[in-house]
Amino acid sequence: MAYEHDAIEKKWQKFWQDNKTFKATINNDKPKYYALDMFPYPSGQGLHVGHPEGYTATDAVSRMHRMQGFNVLHPMGWDAFGLPAEQYALKTGNNPKDFTNQNIQVFKKQIQSLGFSYDWDREINTTDPKFYKWTQWIFEQLYKKGLAYEDKIMVNWAPDFMGGTVVANEEVVDGKTERGGYPVYRKPMRQWVLKITEYADRLVDDLDDLDWPESIKEQQRNWIGRSTGSSVFFNVEGHEGAQIEVFTTRPDTLFGASYMVLAPEHELVDQITTPEQADAIKKYQDEVSRRSDLERTDLNKDKSGVFTGAYGINPVNGDKLPIWIGDYVLASYGTGAIMAVPAHDERDWEFAKKFDLRITPVIEGGDVQEAPYVGDGAHINSEFLNGKNKADAISEMIDWLEEHHAGEKKVNYRLRDWIFSRQRYWGEPIPVIQWEDGETTLVPEDELPLRLPDTNQLEPSGTGESPLANIDDWVNVVDENGRKGKRETNTMPQWAGSSWYWLRYMDPDNDKELASQEALNYWSPVDLYVGGAEHAVLHLLYARFWHKVLYDLGIVPTKEPFQKLVNQGMILGENHEKMSKSKGNVVNPDDIVNQYGADTLRLYEMFMGPLEESVPWGEKGLHGSYKWIQRIWRLFVDDDNKLRDRITTINDGKLDKIYNQTVKKVTEDFGRMHFNTGISQLMVFVNDAYKVDDLPVEYMEGFVKMISPIMPHVAEELWSFFNESDTIAYQAWPTYDESQLVEDEIEMVVQVNGKVKGHIKVAKDLDKAAVQEIALANEHVHSTIDGQDIRKLIVVPGKIVNIVI
RNA sequence: GCCGCUGUGGCGGAAUUGGCAGACGCGCUGGACUCAAAAUCCAGUUCCUUCACGGGAGUGUGGGUUCGACCCCCACCGGCGGCACCA
């Protein structure tokens, strides 16, 4: 009977569900393995063929680990807060909750049709009050530790986005919002901020011990941007007590400082500006404040600035340095002030050239009037640093500064604190109340969750505040003493729930703790985490930060949440371009499942190339995968839907070697997530099996086990031909016999001058001299040498003979 | 500009420590089966040259190390991703 994917897949999906085959429970007799997918945002578009790639990989790893005796935790859930649901609700007057739940149902059905071995009893949903109770609880712990604070800060204000909202630094790309591409301006606003910078050092240093792709670690290091240098204090001439602190990574070039620049927003600007310069300064400040980030960076490569009229005093030599303001100095980095050394810094050089400021070289090498010299070299014009190299000069200058109280060693970070509030309805309410007497309190823990009010009439506030601001019943509160207060109307960003969700899977129904200590200790950490590289800095940095806070609180047992991280590559359209609706190259997994079945889709996605690489979709290749499953089917099942007669207990030995090789290679390759090469080995086995008369039961059962991580439905069905009552999911993974892999006689290659001229068969442990003799006796080798002198002869036992003439 | 990754047949991709380049799949070609087609099974398939045996070239380009280089080193070119006035 032919292979019927539809019936087989439905049958086994029902079996797994009815029997809770993949239910995970704590079992201290077994080693645990936690395989996690980045949980999806359930968008209205439904599943994309990119989703199943990572999901299939973790599923295959999970299934293989179960067969290898591990107790596997493999869960799935929904990152369901987010903008599209709110936009939809505002547009249509519907409730985002209903819309979100519908989308989840679609997603869940699609995911289940692919036969993943999730423990659905552990399904979570970030918008479920039972879940976000603990998101709010974690926020309260952050607040108590002083890691969550309110501040009037310069935020990324996107007035055209959703009726006006603030976005995080990480959500700004090229001066525009990451989603939607709306312009972003700097604006001071009251916001909740999380002090991620306090963990900056640990977030950098702990990367070293993680089994993560180097590129992701590097992106995180760059994002945190730790730089070591020193601060230097400059007095301002004629302003007793006014002191400008600058940060520099090159204190060794202090003798070459020829001017200073403050950010236009720097607090000392007004104080030190001379009356003659006041108008020009004011005008420049106004101009800059109206510029968006985009205009300040990309569109404005030309340096601009205005002289304040004031002078700083160089502490090391008493030089008078004109103080300018310029927007190439950012208020938000370092101290918002720099010492300019145009001879050895590109940006300072451009500025100096434009405004005709002094350029004094302090390091030998290059003509600094023509171009800045940024390389190393001997210091000049630098008194006690003369002749020294960069590294020595830096440490000596820092010593000098510290001795003279003119500066100190300092570390700076590019990373800023995490702006944590959003002016939206569809997010976790921040559990804070502002009382009329000015006190700010947390909602008591025993009153959590603080639920989002149900509403069918979601309306923009019109003030840039969250729509929650209009819901008076919810906003206004009175305490037992009659004191009035207002709830915080900002909600948390979408990153909140995903910053700890992997912990909740460990104990999803616990209403006393975010998860029990027993569960946390047993399942932590996540052994394998798979998802797209687009989360390299956002999600993965926030998640690590929260995890470290919970570690410090003694809640989680590990410093890091995700021991091993793998980024699946993108699946591109058939034209090698990113799949998108506008390009018309989107493939819908539902269509594939209908036409070919889930096993074919899973097999194809694992076979098409290395998991980490981006690979184009190919309909022909997909069809090839389908044909191979049918070929397997025919190998096992005859026309009467019975196991073929050729599958017997007779073993004529013809498949011994290839079977044992296959077990070895598949076990190793799947273990390293090199699915494409493991599958190719399974194909070789099938090709060989077609060529022999007798198929030993043991090998055929082993083969079915080996295909089961990738093609679980067809594997279960074939397994049932051998053993009617059981699932294959917990059968022992096949082992191989090492002795079957070693041969007594091996083939060696004989080269002449590096070119292959012949092959010889020799005994495995024949000595070099004998091998040499046989090689030289080879007819073809002999005729190639043609009596010429042999200059050198290399014998690598078991591999190669190379004769040099 | 800086950082990371990457470059192999017509296509997707293999190649463990420096040791037979192109496994496996797709496509293509031929054969078997069939009235025929599809499906299936078998064989071939890097390029050039040769009836053939053979011979030559070949892993982005140019150099180097080595008995031997897809692999290591230097310089360059192309592609992908990230960062981008961060002092």
Side-chain angles (χ1 to χ4, degrees), chain A residues 2 173-174 213-223 225-227 229 246-250 253 261 263 296-298 300-301 303 326-330 332-341 345-348 350-351 412-416 533-534 536-537 567 569-570 572 574 576 578 603-604 607-610 612-625 627-628 630-631 634 665 668-669 672 674 676-684 686-687 690-691 747-759 780 791-796 798-805:
Chain A
V173 177
D174 293 336
E214 201 46 50
S215 65
I216 300 289
K217 292 196 200 180
E218 203 51 34
Q219 279 184 60
Q220 293 218 346
R221 288 190 194 106
N222 290 341
W223 189 262
R226 178 163 63 188
S227 64
V246 307
F247 173 72
T248 177
T249 54
R250 297 295 305 277
T253 61
V261 185
R296 277 183 74 159
T297 57
D298 273 25
N300 185 18
K301 291 290 179 201
K303 296 276 180 296
D327 70 350
Y328 83 96
V329 173
L330 308 176
S332 50
Y333 183 77
T335 58
I338 62 155
M339 65 180 215
V341 184
D345 181 283
E346 213 155 309
R347 297 149 302 179
D348 297 343
E350 281 175 30
F351 194 87
N412 246 308
Y413 304 91
R414 206 190 81 111
L415 181 72
R416 314 282 157 76
E534 66 273 18
V537 282
N567 285 126
M570 247 189 303
L572 305 170
E574 219 148 352
H576 289 64
K578 216 167 161 171
L603 170 65
Y604 176 59
F607 184 61
M608 64 198 291
E612 301 84 355
E613 304 289 324
S614 291
V615 186
W617 183 262
E619 198 67 29
K620 287 268 170 54
L622 178 74
H623 189 76
S625 294
K627 286 199 305 189
W628 188 58
Q630 291 175 309
R631 186 168 156 88
R634 285 190 302 271
K665 182 154 178 63
E668 285 171 1
D669 284 358
R672 290 182 302 165
H674 290 193
N676 54 335
T677 52
I679 292 165
S680 91
Q681 180 66 34
L682 289 163
M683 288 173 169
V684 173
V686 170
N687 290 346
Y690 262 89
K691 295 190 181 78
E747 197 181 66
M748 286 179 69
V749 176
V750 184
Q751 297 180 332
V752 177
N753 284 346
K755 288 193 194 299
V756 179
K757 291 295 170 185
H759 297 85
H780 200 93
R791 292 199 292 156
K792 198 165 182 178
L793 203 151
I794 293 107
V795 179
V796 182
K799 284 189 175 159
I800 208 161
V801 178
N802 192 9
I803 301 160
V804 186
I805 56 174

Visitor: With rounding to whole Å, what would you report as the distance between B:rU61 and B:rG9 at their P atoms?
Guide: 10 Å
Visitor: Answer yes when A:E214 and A:R221 have at least one side-chain N-carboxylate O distance shorter than 4.0 Å, and no when they do not.
Guide: yes
Visitor: Suppose we define a pair by two distances each less than 3.5 Å, Watson-Crick or G-U wobble; what does B:rC51 pair with here?
Guide: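 B:rC51 is paired with nothing.
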Visitor: What is the minimum heavy-atom distance between A:E350 and A:K303, and which atoms define it?
Guide: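 Shortest heavy-atom separation between A:E350 and A:K303 comes out as OE1-NZ, 3.1 Å.
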Visitor: Using the P atom on both, measure B:rG60 against B:rU66 and round to a whole Å.
Guide: 23 Å
Visitor: Tell which nucleotide pairs with B:rA32, taking only Watson-Crick or G-U wobble pairs whose two distances are both under 3.5 angstrom.
Guide: B:rU40
Visitor: For nucleotides 64-69 of chain B, just jot down a letter per nucleotide in 5' to 3' order: B, S or -, based on protein non-hydrogen atoms under 4.0 Å.
Guide: ---BS-
Visitor: If you pin A:H759 and A:Y413 to their nearest nucleotides in RNA chain B, which one's is more 5'?
Guide: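 The residue whose closest nucleotide sits nearer the 5' end is A:H759.
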Visitor: Searching all strands shown, indicate the nucleotide that pairs with B:rG4 (Watson-Crick or G-U wobble; both distances under 3.5 Å).
Guide: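 When the pairing criteria are applied, B:rC80 turns out to be the nucleotide that pairs with B:rG4.
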Visitor: A:Q751 side chain to A:V801 main-chain N or O, any donor-acceptor pair under 3.5 Å?
Guide: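 Here the side-chain-to-backbone pair does not exist.
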Visitor: Under 6.0 Å between ring centres, would you say that holds for A:Y604 and A:W617?
Guide: yes
Visitor: With a 4.0 Å cut-off on heavy atoms, is A:S332 in touch with a base, just the backbone sugar-phosphate, or nothing at all?
Guide: nothing
Visitor: Does the structure show a Watson-Crick or G-U wobble partner for B:rC72, both distances under 3.5 Å? Name it, or say none.
Guide: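 Partner of B:rC72: B:rG64.
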Visitor: Going by modelled atom types, is there a donor-acceptor pair between the base of B:rC85 and the side chain of A:K303 at under 3.5 Å?
Guide: yes
Visitor: Suppose we define a pair by two distances each less than 3.5 Å, Watson-Crick or G-U wobble; what does B:rC24 pair with here?
Guide: B:rG12
Visitor: If the P atom of B:rG79 is compared with that of B:rG30, how far apart are they to the nearest Å?
Guide: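 About 39 Å, rounded to a whole number of Å.
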Visitor: Quickly work out the A:K627 NZ to B:rC42 P distance and round it to whole Å.
Guide: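 In whole Å, B:rC42 P and A:K627 NZ are 12 Å from each other.
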Visitor: In whole angstroms, how far is the C1' atom of B:rU6 from the CD atom of A:E218?
Guide: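 Rounded to the whole Å, the gap is 17 Å.
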Visitor: Where do A:T677 and A:D669 land on the side-chain hydrogen bond (donor to acceptor under 3.5 Å, both in side chains) test, with the steps shown first?
Guide: CA-CA 7 Å; A:T677 52; A:D669 284 358; 2.8 Å; yes
Visitor: Is A:K217 close enough to B:rC5 that one of its side-chain N or O atoms is under 4.0 Å from OP1 or OP2 there?
Guide: no
Visitor: Does a side-chain N or O of A:R414 approach OP1 or OP2 of B:rA84 to a distance below 4.0 Å, or not?
Guide: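 Yes, within the criterion.
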Visitor: Any base atoms under 4.0 Å from A:P610, or only sugar-phosphate, or nothing? Heavy atoms, all strands.
Guide: sugar-phosphate
Visitor: On RNA chain B, compare the nucleotides closest to A:Y690 and A:F607; which residue's is nearer the 5' end?
Guide: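 Result of the comparison: A:F607.
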Visitor: Can you tell me the Watson-Crick or wobble partner of B:rG58, both distances under 3.5 angstrom?
Guide: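 None - no nucleotide pairs with B:rG58, as no candidate has both distances under 3.5 Å.
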Visitor: Considering only side-chain heavy atoms of A:T677, which listed nucleotide, B:rC41, B:rA14, B:rA87, is closest?
Guide: B:rA14
Visitor: Measuring only the P atom in each nucleotide, how far is B:rG7 from B:rC53? A whole number of Å is fine.
Guide: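 Comparing P positions in B:rG7 and B:rC53 gives a spacing of 34 Å.
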Visitor: Quick one: is B:rG13 close enough that its OP1 or OP2 comes under 4.0 Å of any side-chain N or O from A:S680?
Guide: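 So the side chain of A:S680 is outside the cut-off, no N or O lying under 4.0 Å from OP1 or OP2 of B:rG13.
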Visitor: Take atom C1' in B:rG58 and the same atom in B:rA21, then report the distance between them in whole Å.
Guide: 9 Å
Visitor: Please check: side-chain N/O of A:D348 versus main-chain N/O of A:V341, any donor-acceptor pairing under 3.5 Å?
Guide: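 Flag set: sc A:D348 to bb A:V341 pair under 3.5 Å.
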Visitor: Heavy atoms from C-beta onward define the side chain here; which of B:rC20, B:rC83, B:rC24 lies closest to that of A:W223?
Guide: B:rC83
Visitor: Taking O4'-C1'-N9-C4 for purines and O4'-C1'-N1-C2 for pyrimidines, is B:rG9 syn (within 90° of 0) or anti?
Guide: syn
Visitor: Among B:rA43, B:rG12, B:rA87, which nucleotide has an atom closest to any side-chain atom of A:K691?
Guide: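 Nearest listed nucleotide: B:rA43.
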Visitor: How long is the line joining CE of A:M608 and C1' of B:rA14, in whole Å?
Guide: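 Rounded to the whole Å, the gap is 16 Å.
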Visitor: Would you give the length of the straight line joining atom CG of A:N687 to atom CZ of A:R631, rounded to the nearest 0.5 angstrom?
Guide: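 It is 5.0 Å, given to the nearest 0.5 Å.
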Visitor: Take atom CG of A:N567 and atom P of B:rU6, then tell me their distance rounded to the nearest Å.
Guide: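 Between P of B:rU6 and CG of A:N567: 14 Å.
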Visitor: In whole Å, what separates the C1' atom of B:rG12 from that of B:rU16?
Guide: 23 Å
Visitor: Within the structure shown, what part of the strands sits under 4.0 Å from A:K757 by heavy-atom distance: base, sugar-phosphate, or nothing?
Guide: sugar-phosphate
Visitor: Using the P atom as the reference point in each nucleotide, state the distance between B:rC26 and B:rC33 in Å, no decimals.
Guide: 24 Å
Visitor: Judged by atom type as modelled, is there a donor-acceptor pair below 3.5 Å linking the side chain of A:Q220 to the main-chain atoms of A:A536?
Guide: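 Checked: pair present.
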Visitor: Quantified in whole Å, what is the P atom distance between nucleotide B:rC47 and nucleotide B:rA52?
Guide: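 Between the two P atoms, the distance is 14 Å.
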Visitor: Where the side chain of A:S215 is concerned, which of B:rA87, B:rG4, B:rG13 is the nearest nucleotide?
Guide: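 Looking only at heavy atoms from C-beta outward on A:S215, the closest nucleotide is B:rG4.
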Visitor: Can you tell me the distance, in whole Å, between the NZ atom of A:K578 and the C1' atom of B:rC80?
Guide: 11 Å
Visitor: Provide, to the nearest angstrom, the distance between the CD atom belonging to A:Q219 and the P atom belonging to B:rC80.
Guide: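 Distance check: A:Q219 CD to B:rC80 P gives 17 Å.
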Visitor: Under 4.0 Å between a side-chain N or O of A:N222 and OP1 or OP2 of B:rA84?
Guide: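 No, A:N222 has no side-chain N/O under 4.0 Å of OP1/OP2 on B:rA84.
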Visitor: Base, sugar-phosphate, or nothing for A:H623, non-hydrogen atoms under 4.0 angstrom?
Guide: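 Nothing, no heavy atom under 4.0 Å.
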Visitor: From C-beta outward on A:R634, which listed nucleotide comes closest to its side chain: B:rC24, B:rA87, B:rC41?
Guide: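 For A:R634, the side-chain atoms sit closest to B:rC41.
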Visitor: Take the protein atom CD1 of A:I216 and the nucleotide atom C1' of B:rG81, then report the distance between them rounded to whole Å.
Guide: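 In whole Å, B:rG81 C1' lies 10 Å from A:I216 CD1.
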Visitor: Please state whether the phosphate of B:rA14, meaning OP1 or OP2, lies under 4.0 angstrom from any side-chain nitrogen or oxygen of A:N676.
Guide: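 Result: yes.
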Visitor: Let me know the distance between CG of A:L330 and P of B:rA87, rounded to the nearest Å.
Guide: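 Going from CG in A:L330 over to P in B:rA87 covers 10 Å.
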Visitor: If you compare every side-chain N and O of A:R631 against the phosphate oxygens of B:rC41 (OP1, OP2), does one of them come in below 4.0 Å?
Guide: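 True: A:R631 side-chain N/O within range (under 4.0 Å) of B:rC41 OP1/OP2.
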